[in-house]
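Below is one structure; the comments refer to it alone.
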Amino acid sequence: MIEGWWIFPLLGVAAGVAAGLLGIGGGLVIIGVLVWLLPSFGVPPEATMHAALASSLASIVLTASSSARAHHRRGSVLWPTVAWMVPGLLLGGWLGSFVAVALEGEVLRRCVAVYCFLVALQMAFGGPRGDAARPDVVPVGWLMSAAGTGIGAVSAVVGIGGGSLTVPLLVWRGVVPVRAVGTSAACGIFIAIASAAGYAMNAPLGALPAHAVGYVYLPAAIGIALGSVLAAPLGTRLAHAISGVALKRVFAGFMVLVGISLLV
């Protein structure tokens, strides 16, 4: 059934606003809601977690592309760094999705819940520091490729575009935070492509009902992508009017609730 398809663009709007406000993808927001929504669209309970992760990643392809394009216009994407990370991101995303498909839904649910708690801690008490950042820093080399493999694998398992991993890594390497965010957005495109392809191609035959490719439920992926692309600029504007520290702590609390709901 796809009568309630309109709910997916609304979910995309919420995720897009979160992305614009906080500088992270809305992957965890999307997954937390899809786990509850998808069964009402005929997705079998045993495939719900896989479908939520796969559909979130598929939507990130368009969302990250839009974000990277906007950052590129402002000169905030370090393309040499992206080029070095891409091989690892593609390999890690594919391998991570291959592992995730082999795991039971309950195991995946716990993995995502734990990651929600870790993000909540980072949002509440941490955050990237730009004290040692220099505008001329452009990290390259095989270490960045290796890091990309790990980032891609973890992102595929928890259904995100990797921003919460890539941004801290780049800032640690001395990249200015705004360029770290832009570069991370470009990296997210490749993570999402490889991961979504893995969930689509490695899923058991007939894993989901109609309107799906493997574990990717197309109405969700397309609707969320369209909504998030349209809403992200609104989130960016709101970010300039709201206290960043307070906002991050509120979002941290929301992440804790998402993690608890997944465990329950």
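For the single chain, residues carry numbers from 1 onward in sequence order.
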With a 4.5 Å cut-off on side-chain heavy-atom distances among I, L, V, M, F, W and Y, is there a chain of contacts connecting [X] to [Y]?
| X | Y | value |
| --- | --- | --- |
| Val154 | Trp172 | yes |
| Leu10 | Leu37 | yes |
| Val99 | Tyr115 | yes |
| Trp142 | Leu95 | no |
| Tyr217 | Ile7 | yes |

pair [X]-[Y]: side-chain heavy atoms closer than 4.5 Å:
| X | Y | value |
| --- | --- | --- |
| Met144 | Leu170 | yes |
| Val13 | Leu230 | no |
| Phe8 | Leu226 | no |

Let me confirm one number: the [atom1]-[atom2] distance from [X] to [Y], rounded to the nearest 0.5 Å.
| X | Y | atom1 | atom2 | value |
| --- | --- | --- | --- | --- |
| Cys187 | Ile151 | SG | CD1 | 7.5 Å |
| Leu89 | Trp94 | CG | CH2 | 16.0 Å |
| Ile30 | Thr63 | CD1 | OG1 | 6.5 Å |

Heavy-atom closest pair, residues [X] and [Y]:
| X | Y | result |
| --- | --- | --- |
| Ala221 | Ser59 | O-CB, 3.4 Å |
| Ser155 | Gly162 | OG-CA, 3.3 Å |
| Ala220 | Ser55 | CB-CB, 4.2 Å |
| Ala64 | Gly188 | CB-C, 4.0 Å |
| Ala52 | Leu38 | N-CD1, 3.7 Å |
| Ala180 | Val171 | CB-CG2, 3.8 Å |

Under 3.5 Å, which donor-acceptor pairs do the side chains of residues 72-86 form with other protein atoms, sequence neighbours left out?
from	atom 1	to	atom 2	distance (Å)
His72	ND1	Trp79	NE1	3.0
Arg74	NH1	Ala70	O	3.0
Thr81	OG1	Pro139	O	2.7

Any side-chain donor paired with an acceptor under 3.5 Å for Ser97 and Ser195?
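Short answer, no.
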Could you name each residue pair satisfying salt bridge (Lys or Arg N to Asp or Glu O under 4.0 Å) that touches residues 99-108, not counting sequence neighbours?
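Residue pairs with at least one partner in residues 99-108: Glu106-Arg109, Glu106-Arg110.
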Contacts satisfying salt bridge (Lys or Arg N to Asp or Glu O under 4.0 Å) that involve residues 135-161 (not counting sequence neighbours) are Arg134-Asp136
I'd like to know whether Leu62 forms a side chain to side chain contact (heavy atoms under 4.5 Å, CB included) with Ile222, so could you lay out the CA-CA distance, the side-chain angles of the two residues, the decisive distance to 0.1 Å, and finally the verdict.
CA-CA 9 Å; Leu62 183 57; Ile222 296 172; over 6 Å; no
I'd like to check the side chain to side chain contact (heavy atoms under 4.5 Å, CB included) partners of [X]; sequence neighbours left out, ordered by chain and number.
| X | result |
| --- | --- |
| Ala185 | Ser67, Ala68, His71 |
| Ala54 | Tyr199, Tyr215, Val216 |
| Ala147 | Leu169 |
| Ala194 | Leu90 |

Show your working on side chain to side chain contact (heavy atoms under 4.5 Å, CB included) between Ile224 and Leu34 and close with a plain yes or no.
CA-CA 10 Å; Ile224 290 168; Leu34 284 182; 4.0 Å; yes
Could you list the donor-acceptor pairs under 3.5 angstrom formed between side-chain atoms of residues 43-50 and any protein atom two or more places apart in sequence or on another chain?
from	atom 1	to	atom 2	distance (Å)
Thr48	OG1	Pro44	O	3.1
Thr48	OG1	Pro45	O	3.4
His50	NE2	Ala100	O	3.1
His50	NE2	Leu103	O	2.9

Residues clustering with Leu118 (ILVMFWY side chains joined when closer than 4.5 Å, directly or via others):
Val114
Check the surroundings of atom CZ in Phe117: do more than 12 heavy atoms from other residues, nucleotides or ligands lie under 6.0 Å from it?
yes
Run the numbers on Ser164 and Ile160 for side chain to side chain contact (heavy atoms under 4.5 Å, CB included), then give the verdict.
CA-CA 9 Å; Ser164 54; Ile160 62 172; 3.7 Å; yes
